[in-house]
Amino acid sequence: MWIRDDHPQRAGVDNLESRVYIPAVLVNMENIKVFSVMKKTMKWQVLLSSVVAALGANTTEFNGIRSLADETWTVTNEHGNITVPGKYPSYVHLDLYAAKVIDDPYHGLGDLDLRWIAAQNWTYTSKPVHGLSKDKAVSTWLVFDGLDTYSTIKFCDRIVATTDNQFKQWSFDVSSALNACHGDPVLSINFGSVPAIINTLNASGIETWPSEAAIVFEYPNRQWVRKEQSDFGWDWGPAFVPTGPWRDGRIVQLHDGEAYPLNTNIDIYRKGQLNNIAPDQSRPWVVNASIDYIGTLPKDCPMVALITDVDDESKILYSGQLEGITRSNLTITGSVVINGDKPALWWPRDMGKQQLYSIKVSVLGNKNKPPVLESQRRVGFRTILLSTGNVTDEQITRGYQPGNNWHFEVNGYEFYAKGANMVPLDAFWPRVTIERVQRMFDSAEAQNFNMLRVWSSGVYLPDFIYDLADERGLLLWSDFQFSDSLYPDYPAFTQSVADEIYYNVRRINHHPSLACWIGGNEFENYLLPIANRVEPDRYSYFLGQYEHLFISVMFTVLAENSRSISYAPSSANNGWTKIDFSLPVPMVERYNNKTEGNIYSDTDYYNYDTSVAFDYGKYPVGRFAVEYGFHSMPSLASWKEALDPADLHFNSSVIQLRTHHNPAGGLSTDNANGAVGLAQMTVAVEDYYPTPNKHDPVANFSSWCHATQLFQADFYKSQIQFYRRGSGRPERQMGSLYWQLNDIWQAPTWAGLDYSGRWKVLPYMAKNAYQNIVSAPFYNYTSGELEIWVTSDLWETVSGNLSLSWVDLKGTPISNNAGMPGSIDFRVPAINSTRVLQTDIADLELPDVKDAILLLSLQADSHLPNSGTRTPFTHENYFLPVWAKDTKISDPGLHLAKDVATGGFTVEATKGVSLYTWLTHPEDVVGFFSDNGFVLVPGKKKHVGFKLQEDSSGGKWKDKVTVESLWDLTTPN
């Protein structure tokens, strides 16, 4: 059926009706005419009012806006045999868990055992809502910031709306339903079984694709629904397919002449700026303010703005009327031009200050009365460009290899992007707290990140996460939520997507941490070539679908609502050759239109043949590394959060079933493919590290978990060093974001942080490799050639000294430093790399390559960008001429002591070189050490601090910190 959508907007999407298609399966019980392709019906039940009334009355006074979180809710299933108290916002799984109907969904095999929840319909029902006005001069609205996903909404036992998109804000005028209501109204939201509905849509045959181009992890047919795609399973996460009112909602009542803001778009850009084109930094700023609202505004009403420093409201940047006021449907827009030098700029971390301003936008009515409409946001003045156009002749003269760019520029300056990919923090978003995100951002900053990629099949992040990123200077590369499947392009779906993009672009646009928008993940260099190979006769059709949805629709909606943000329809892709909005497809993508010898695109790299893990010739040469990695086990402490003691061994059936790489590829509850992933980690350890073989099974399991993390960390370190070196080579490689920063649950994944925030080995290696100035060895283990490079991401030339020291594994200096110079002076241009040494292992004077380690120690001083003072820079690294398993390591005699003066710890090796020195904190604290996984030479004490984020030990945790090294993997006890 077709239902009109009265939400304002959608300008610029040609040939799309302002309507939303709602599968009739959602509302068939009311005998509304069904859409012809729907064949199946589903049972829908509303919780009996007697059950609701039994829970008591809500006496909250109403003052025009009532949060739905303040109402009392129950949740019932379609059969009526389960009824529990509900929360708002929430998910069914969370409410069932709170009522002790189910165990913690994350415990054991909950993702398999709880599939019955997703297979049913569930209804959230409020108690009667008291105190609402039924005056005919008052309009009543239901406003939902997020409903997941297919829902039928009843108000006073009358269907008032249906929804079909998790990512939209919905608003519905329910005035007539309220005014006709006898007594106080009850609000009910019936959520349909998403798997059942999408299976019905798929069976309708509206559109079809090659099965290989719609990747199935567990639940099939996810491409039909605008819902978090990883809810249906991924190779690092569970498939709960949760449903419920996942974000806030409210009841709004307005008298005639009153309005309520739904969404506010603040777009700040340089005058004349266009998406994807470098702006002129000498031009003034334009501040464009636009408010979507419900209600009514006076016919002629001025729009004013007040812009002040967030830290000092007395510092006024601008106060006065906005110009060029326009009104379209239920949106009002105005703008002002501000002198280009007047605002202080916002910069990413380590590039300058995170200057923020507050902007209050008001729509004025009658004199001496409060504003009719008012909205306030926190903003920053900055330009951010994702440059993916053709390499210019001028760049070629500077040494760039021809092709396409792929790099970021902030306020006119190129910079090297350092960071990781961020996946959903939880399968159930209502339990993601500010504190959890703060801890994750602590970890990101500690690793020297300046960017996170908000990956493409989670959700559009809530504003509070962008707020935190604004404060910390962490740029958020933001994907639209599409990944690893071709998607429908029929009108109703396309309209729903346009609405989704409109809402989220406008909601997020004011955040200076927003780095770019990307249409989705792995379309152009992965899925479209698959479709072309499998069904070449239909390739032009698939390409046309893709270009219409991801370029003609998405890019147009973005460009009409933001001139400050760049766009690319896919990651990875090969850049664009032309942008022209007069064309049916306004961005002309390069696809495979390549010239031999040229370099294009950002890159992904996953290789599970661990025998070539450290072969630099296997790594991709590109402009930007957006994904790369290898999975590892969580730490023992993290496993204990979710597993019973009997399951704490490497090949337990529960661990195998929680290992989703390789994915099951369907709904089988016997995922034999998980054994493949376990085998890959096992082989990686056996190839490069001593194999754990401890007597105690739990201790052995813990050592195996740790050993898989060692390989992961070394593999990522090798790639980070390789990509950063590329900043000084013809590919002009300008960024690396490893896969992935965080975990969604406790399982073997690519994450650097376990679910609770515990650091694996990887973040410590990344922290070291992402320092501003680093030294790195590059060893061709087949030819024996060894090179040492120094890389800097600073914006000025850096000079310094690199010390090189060969010692044996007892810590004794090797005679004549093995024929290598003891130190080298270096000079590295801005954002560049320099080779400082080239030799061959065979030419060095090493008595025994298995009993030797090269220690690198760098010193330099320079300016951080936009810093008036010089800063000292140091960096430590090392090189082993053989794999760790082949070294002649011995007991290093580690000694750990609490440092009373600093509150940290002192570590000392008393007998020999300690490789991969590892401090472990107890399970009752959350935090991370200042350094870990390091090399420690006898005679040098090392101080290690600790960032304490949570403590449930009463301060006793320090007594439980332990230390070990690679040597401990070889011991049986």
Side-chain angles (χ1 to χ4, degrees), residues 167 207-217 221-226 228-230 232 234-235 276 386 388 404 406 421 423 453-458 460 477-490 493-494 497-498 500-501 516-536 538-558 566-577 579 585-594 600-606 620 622-628 737 739:
F167 306 124
E207 295 180 12
T208 60
W209 308 271
S211 59
E212 297 90 340
I215 298 174
V216 175
F217 294 93
N221 303 318
R222 60 181 169 82
Q223 69 271 24
W224 291 102
V225 60
R226 294 310 303 136
E228 184 169 356
Q229 298 287 271
S230 59
F232 301 93
W234 220 266
D235 53 4
N276 293 65
L386 171 57
T388 55
N404 273 75
W406 189 289
N421 289 259
V423 302
R453 177 192 179 203
V454 183
W455 174 75
S456 57
S457 277
Y460 301 91
W477 159 331
S478 298
D479 285 353
F480 294 137
Q481 299 304 310
F482 301 82
S483 182
D484 287 328
S485 176
L486 298 183
Y487 284 86
D489 191 45
Y490 61 87
F493 186 89
T494 305
V497 169
E500 164 190 326
I501 301 304
C516 64
W517 282 110
I518 305 293
N521 186 52
E522 298 180 340
F523 299 125
E524 293 188 15
N525 291 352
Y526 181 49
L527 291 175
L528 286 172
I530 288 176
N532 189 27
R533 185 183 72 248
V534 176
E535 293 191 35
R538 297 183 68 204
Y539 178 68
S540 60
Y541 170 74
F542 300 138
L543 182 62
Q545 275 192 318
Y546 167 73
E547 289 190 332
H548 180 247
L549 183 63
F550 286 91
I551 301 179
S552 299
V553 172
M554 290 190 189
F555 189 27
T556 299
V557 174
L558 168 63
S566 304
Y567 177 72
S570 173
S571 177
N573 76 352
N574 302 318
W576 52 269
T577 62
I579 294 177
V585 181
M587 179 179 283
V588 180
E589 292 288 271
R590 184 174 293 279
Y591 299 117
N592 288 314
N593 177 22
K594 302 177 183 179
Y600 308 90
S601 85
D602 57 339
T603 61
D604 292 359
Y605 181 69
Y606 297 99
R623 305 293 189 186
F624 194 111
V626 67
E627 289 187 32
Y628 52 93
L737 308 178
W739 186 269

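Positions are given from 1, in the same order as the sequence printed here. Values in this document were obtained by computation on a predicted structure and should not be read as measured data.
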Does some side-chain heavy atom of Val216 sit less than 4.5 Å from a side-chain heavy atom of Asn221? no

Under 3.5 Å: donor-acceptor pair, side chain of Ser483, backbone of Gly520: no

Could you tell me whether the side chain of Arg538 reaches within less than 4.5 Å of the side chain of Thr208, counting heavy atoms only? yes

Indicate yes or no: at least one non-hydrogen side-chain atom of Ser456 is less than 4.5 angstrom from one of Ile518. no

Tell me whether the centres of the aromatic rings in Phe482 and Phe550 are closer together than 6.0 Å. yes

Roughly how far, to the nearest 0.5 Å, is CE of Met554 from CD of Glu547? 13.5 Å

Do Tyr460 and Glu500 touch side chain to side chain, with heavy atoms closer than 4.5 Å? yes

Counting C-beta onward and ignoring hydrogens, is there a side-chain heavy-atom pair between Asn521 and Tyr526 closer than 4.5 Å? no

Examine the side chains of Gln545 and Trp209 and answer whether a donor and an acceptor come within less than 3.5 Å of each other. yes

State whether a side-chain donor-acceptor pair under 3.5 Å links Tyr487 with Glu207. no

Going from CG on Asn525 to OG1 on Thr603, what distance comes out if it is rounded to the nearest 0.5 angstrom? 10.0 Å

Looking at Tyr546 and Ser570, what are the two nearest heavy atoms and their distance? OH-CB, 3.3 Å

For Ala213 and Ile530 the tightest heavy-atom approach is N-CG2, 4.4 Å

Arg222 side-chain N/O to Ile215 backbone N/O, donor-acceptor pair under 3.5 Å: yes

Closest non-hydrogen atoms of Pro488 and Phe493, given as atom of the first, atom of the second and distance, are O-CD2, 3.3 Å

So, Asp602 side chain and Arg623 main chain: donor-acceptor pair closer than 3.5 Å or not? no

Heavy-atom check, side chain of Val534 versus side chain of Phe542, under 4.5 Å: no

Val626 versus Ser571, closest heavy-atom pair with distance: CG1-OG, 3.5 Å

What distance separates Ser485 OG from Phe523 CZ, expressed to the nearest 0.5 Å? 7.5 Å

Tyr591 versus Ile551, closest heavy-atom pair with distance: OH-CD1, 4.3 Å

Please answer whether the main-chain N or O of Val454 pairs with a side-chain N or O of Ser478 as donor and acceptor at a distance below 3.5 Å. no

Hey, do the aromatic rings of Tyr567 and Trp517 have their centres closer than 6.0 Å? no

Could you go through the side-chain contact (heavy atoms from CB on, under 4.5 Å) check for Val497 and Arg226 one step at a time? CA-CA 8 Å; Val497 169; Arg226 294 310 303 136; 4.0 Å; yes

Side-chain heavy-atom pair Asn574, Glu589 within 4.5 angstrom cut-off: no

ring-ring contact (aromatic ring centres under 6.0 Å, His included), paired with Trp739, selected from Trp455, Tyr628, Tyr605: Trp455

Hey, are Glu524 and Arg590 close enough for a salt bridge, meaning a charged N less than 4.0 Å from a carboxylate O? no

To check you understand the geometry: which heavy-atom pair defines the closest contact between Ala498 and Val557, and what is its length? O-CG1, 4.1 Å

Short question: side chain of Asn421, backbone of Arg453 - any donor-acceptor pair under 3.5 Å? no

May I ask you to check whether Phe624 and Trp477 place their ring centers less than 6.0 Å from one another? yes

If you measure from CD on Gln223 to CG on Asp484, what distance do you get to the nearest 0.5 Å? 11.5 Å

Distance alone, cut at 3.5 Å: any donor-acceptor contact between the side chains of Trp576 and Thr388? yes

Between Gln481 and Asp479 (side chain of the first, backbone of the second, donor and acceptor by atom type, cut-off under 3.5 Å), is there such a pair? yes

Rounded to the nearest 0.5 angstrom, the CZ-CD1 distance for Phe555 and Ile579 is 4.5 Å

Would you check if the side chain of Ser566 reaches a backbone N or O of Leu386 as a donor-acceptor pair within less than 3.5 Å? yes

